[in-house]
Amino acid sequence: MTVDIDTLYEMLDEEQPIEIQEAALREARKIKSLSVFMQPVEYKWSWENCAKVICEKTDEELNNYTYEMLEWLQDLNWPGAFLIMERLEKMDPQLLVHTFIYKVKQALLLKDTEWLGRMSYLLKNKKFYDALSEDKKYQKIMRRYYESYWGELKY
């Protein structure tokens, strides 16, 4: 089955029967350009299934999309946000750390403490925490946010 992108988004809608969603996920997995799954504005209720497609990809496949993935964490009520957050936490820290610091700076400028708290979840991965040691200032800031939002960090 081959469908146009608008039909695919409609099939990915979480209100659709599960069989339709599963067929859509099979089709979506064939698409190589992941940007079409980065929170398509016109189809918000497809975001959870879009996140499922994204989260199945390798770190290398996701490397060009880390800015968009971190932006997804601006609101954990957005469909798919928890899936994206958990996938980012498992990524190779070296592929993510520079983008992360850029987005932390952006959130600090915006005074978006909620976003900072959500991004701090990535510190759960000790390797990511250690990779942030290149910039102690941001490691310290994000540790504070982690402990405020998620609890004590054991290292």
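Heads up: numbering here begins at 1 and tracks the sequence. The model shown is predicted, which means the values in this text are computed figures rather than measured ones. The basis for the numbers below is simple: all heavy atoms, side chains too, and nothing from hydrogens, waters or symmetry mates.
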Item to check | Contact list for residues 20-42, test ring-ring contact (aromatic ring centres under 6.0 Å, His included), sequence neighbours left out | outcome: none
Item to check | Contacts of K124 that satisfy salt bridge (Lys or Arg N to Asp or Glu O under 4.0 Å) - sequence neighbours left out | outcome: none
Checklist entry - How does the hydrophobic cluster around Y102 look, that is, which other residues are in it when side-chain heavy atoms under 4.5 Å mark a link? => result Y67
Checklist outcome for this item: Across all chains, not counting sequence neighbours, the side chain to side chain donor-acceptor pair (under 3.5 Å) partners of E86 are none
Checklist entry - Residues in ring-ring contact (aromatic ring centres under 6.0 Å, His included) with F100, at least two apart? => result F128
Checklist outcome for this item: Applying side-chain contact (heavy atoms from CB on, under 4.5 Å) to N63 and not counting sequence neighbours gives L95
Checklist entry - Which heavy-atom pair separates Q139 from L123 by the least distance, and what is that distance? => result O-CD2, 4.3 Å
Next on the checklist: Restricting to ring-ring contact (aromatic ring centres under 6.0 Å, His included), what partner residues turn up for Y121, sequence neighbours left out?
Outcome noted: W150
Next on the checklist: For K154, give me all partners under salt bridge (Lys or Arg N to Asp or Glu O under 4.0 Å), at least two apart in sequence or on another chain.
Outcome noted: E152
Item to check | Residues which pass side chain to side chain donor-acceptor pair (under 3.5 Å) with E134, listed by chain and number, not counting sequence neighbours | outcome: none
Would you be so kind as to tabulate the donor-acceptor pairs closer than 3.5 Å made by side chains of residues 44-56, with sequence neighbours excluded?
unit_1 : atom_1 : unit_2 : atom_2 : d
S46    : OG     : Y43    : O      : 2.6
W47    : NE1    : P40    : O      : 2.9
E48    : OE1    : G80    : N      : 2.7
N49    : OD1    : K52    : NZ     : 3.4
N49    : ND2    : L12    : O      : 2.6
N49    : ND2    : Q21    : OE1    : 2.9
E56    : OE1    : R29    : NE     : 2.7
E56    : OE2    : R29    : NE     : 3.2
E56    : OE2    : R29    : NH2    : 2.9

Item to check | F82: ring-ring contact (aromatic ring centres under 6.0 Å, His included) partners, not counting sequence neighbours | outcome: none
Distance-only donor-acceptor pairs under 3.5 Å for side chains of residues 110-117, two or more places apart:
unit_1 : atom_1 : unit_2 : atom_2 : d
D112   : OD1    : E114   : N      : 3.4
D112   : OD1    : W115   : N      : 3.0
E114   : OE1    : R118   : NH2    : 3.4
E114   : OE2    : Y149   : OH     : 3.1
W115   : NE1    : L70    : O      : 3.0

